[in-house]
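This is a predicted model, so every value here is computed, not measured. Values below: all heavy atoms of this structure, side chains included; hydrogens, waters and symmetry mates excluded. Throughout, a chain's letter reflects where its sequence line sits, starting with A, and its residues are numbered from 1.
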Amino acid sequence: MTSYFLPRDLHPAAWWVWALGLAVAATRTTNPWLLLTIIAVAGYVVVARRSEAPWALAFRLYLVLGAWIVAIRVFFRLVFGGAEGSTIILRLPEIPLPAWAAGIRLFGDVSAESLLGGLYDGLRLATMVICLGAANALANPKRLLKAMPPALYEVGTAVIVALSVFPQLAESVLRVRRARKLRGGNGKRTQVLHSIMIPILEDALSRSLQLAASMDSRGYGRAGLVEARQRVLTGAMMIVGLIGVCVGVYATLDGSTPRFLAAPVLSVGLLIGLVGFRMAGQRVQRTRYRPDRWHLPELVVALSGLGVAAVLFVTSSVDPTNLNPSLIQLSWPLLSWGPLLGVLIGVLPAFLTPVPEPPHAALEVVAS
Amino acid sequence: MRKLAALAAATFLTVAAAPVVHAIDHGKGYPGFCKDDKGVTVVIDFQQLGGAAIVRCNPQSTAGTGLDALKGAGFQVAGVQRWGEAFICRVENKPAAADQIPINGRENYRELCIDTPPAAAYWSYWHAGNNCAWDYSQWGVKNRQFLQGGFEGWSFSLNATADTNPVPRVAAVRPGTEGKACNAVDEPKPVSNDPGETQAPVQGRQPQATPEAEQQATPPPGAPTGALPPPKPRASATARPKANDPSSNIAFSGGENAEDVNEVIKRTSGASDYAPWAAGGAVVVLLAAGFFVARRRKRANES
């Protein structure tokens, strides 16, 4: 039990499962009580369990983005005719439009129902975005790449090189700026492109290429042992499989397409794709250095996220009214206990998981 | 910010000041047929959804849309989230979100009123002049004007096709005018003069018109067509068929005893008065806790 709470970084996939569970739960409802609770739950878990890494500081940006989404949704209801419903709260002059713009209305009466409709709708999208932001803040992207299946190994290598561009870009900005200061050039606006942007881009690009070259010389991304024919076959299978999955999913969701396009195409596409995946994985033979393992805390995190989604799916088939508040008559949105307690399951990881490892912990142990 | 505050205040005032709301707003319209040729009679036939039909009059003597007729007669309607009130999804909370609608092939379907309801289960929209047969409306509810002295009908269409949409089972005959000639004029022009709206309704935008229903031209197997009225004869405006004999009307009421829609929703959904307070409390507690955790961490980092 004592080892359970020893500080360590959890498996990033566990945080992704948790956050996607919350996001799926948010898609099921437009009830503002539930959506606000989901946002508060995600925010508290992020504050309690984030590390000091640079990607953990981005959560604030997602909150701002969410606020923008809500504001824009409500604003559009204001601009493009918000006269649904009978409670008019604002009378704006309507701008007459020519005949070819029929069906579009600019300003005019604004009702409380339509503004609330925009608010609920925007809040749902904002909640989903914030949940993804929570996953980004909590999960270490580099370790997530490490945990990828072998078939995606080459893609993963490319993504690592791409990911390393942005931190290097930020560092390059600092270096170039310092160099300019030392030279005493305060520069005019027209010279900014010449004196800052080009050196920065060139620096970051060349260092990424350097990283790629050094990875190449150490044997990453090596495909020499595979015959060209087999490589073409593998790629073709994966692409055909993916197309099959796309067609199948579309046909499954759209009831008016012929049925033979649904389940049969979906399963065949899935099968071909999986075979291609497996073949691609077999030709990559490598071991993982200290692979991340799923322990009990990871299970707790993932299950709590899945639990939230499951509770909202179950309750939405029992009493869907509460999840989508009616706007027939203006009233406070109703709420029952089931979905609320379900959403609160999502806060468990804030208490039942170990805190992340503090940065430079290993160095401090050596020093003391 | 001030606008938000105004909105919040308006919302609060509306909620706080709302008197006991009845399913039928008895302040609008009156039960039964219209007494003279002023105003429009609105007939709601729930068909397989159950319950007696409701007939009320909107005594509005000025021009208005089909939506005005519904609301002015006191009915509580709900649109879909996607189109708003341009598509009537519920009338008097039917079909309720908690009810299962036995659509063929989707027996567990529930109407959530988020997107356009399926063509196999929706409120079909009818109109008629006095003493005339019902006509399926070619226009959306916001795009046609009701006929003074005439009728607006809503009939729930379950597992029906464009040809078997159930006609409201209350004849469009005002009491005291039985046996007179059908005096309907041509289908009233739509409200707007916009060319875009005077064309045949675009599928999806004005979804209650026939094009959508025509997609399902072949009746689904096992459809209970025997229980439905015979197909409506379609005739030109000049030779309109007469209304059915009013003695074949089904039982109907003026909606005097209908229950408050919000009360019904609250009762059937198991909502609690305390749950919203608990949700608000949880949000406040989590925000406060997050604030303290962040401050403690900041201090620990600084020391």
Side-chain angles (χ1 to χ4, degrees), chain A residues 30-31 33-34 36-37 39-41 43-48 52 74 78 83-87 89-90 99-103 112-117 119-121 255-256 316-324 326-341 343-344 347 350, chain B residues 3-4 6-7 10-11 14-15 18 21 71 76-79 81 84-86 90 93 96-98 105-106 108 110-114 118 192-198 205 215 261-262 265-266 268-272 274-276 278-280 282-287 289-291 293-294 297 301:
Chain A
T30 54
N31 191 316
W33 298 122
L34 287 178
L36 285 177
T37 314
I39 293 176
V41 161
Y44 180 68
V45 174
V46 166
V47 169
E52 301 291 333
V74 173
L78 210 89
E84 302 291 340
S86 43
T87 320
I89 54 169
L90 199 62
W100 48 263
E113 284 92 345
S114 71
L115 284 192
L116 277 181
L119 179 72
Y120 292 174
D121 214 32
S256 60
S316 76
S317 58
V318 176
D319 51 349
T321 325
N322 288 334
L323 297 182
N324 296 293
S326 83
L327 287 169
I328 308 175
Q329 303 259 311
L330 272 190
S331 60
W332 292 104
L334 300 167
L335 184 61
S336 50
W337 288 109
L340 177 63
L341 295 179
V343 167
L344 286 178
V347 85
Chain B
K3 212 162 269 172
L4 270 184
L7 169 64
T11 315
T14 323
V15 173
V21 192
K71 288 187 165 179
Q76 285 185 335
V77 295
Q81 275 185 17
E85 283 170 338
R90 290 191 228 284
N93 197 33
R106 299 162 78 182
N108 299 327
R110 287 163 196 267
E111 187 52 71
L112 299 185
C113 291
I114 293 172
S192 143
N193 290 325
D194 293 334
E197 293 185 20
T198 51
R205 189 72 195 93
Q215 286 181 348
V261 162
N262 282 346
I265 290 175
K266 193 170 170 184
T268 52
S269 68
S272 160
Y274 303 107
V283 170
V284 170
V285 166
L286 286 173
L287 288 184
F291 180 72
V293 168
R297 173 198 292 239
N301 278 356

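The parts of B:Ala278 that come within reach of chain A are both its backbone and its side chain, each placing non-hydrogen atoms under 4.5 angstrom from that chain. Only the side chain of A:Leu344 comes within contact range of chain B, with at least one heavy atom under 4.5 Å from a heavy atom of that chain. Contact annotation for A:Leu36: both backbone and side-chain heavy atoms come within less than 4.5 Å of a heavy atom of chain B. Interface residue A:Val41: backbone and side-chain heavy atoms are both found under 4.5 Å from chain B. When heavy atoms are compared at a cutoff of 4.5 Å, B:Tyr274 approaches chain A by way of both its backbone and its side chain.
Shown here for A:Val47 and B:Gly290, the closest heavy-atom pair between the two residues is CG1-O, 3.3 Å.
Interatomic distance, A:Ile39 CD1 to B:Leu286 CG, rounded to the nearest 0.5 Å: 12.0 Å.
Of the residues considered (B:Ala289, B:Ala294, B:Gly79), B:Ala289 shows the highest number of contacts with chain A, using heavy-atom pairs under 4.5 Å.
By the 4.5 Å heavy-atom criterion applied to side chains, A:Tyr44 and B:Val285 are not counted as neighbours. You'll find the side chain of A:Leu116 reaches within 4.5 Å of the side chain of A:Leu119, heavy atoms only.
Looking only at distances, no side-chain donor or acceptor of A:Trp337 sits under 3.5 Å from a matching main-chain atom of B:Ser272.
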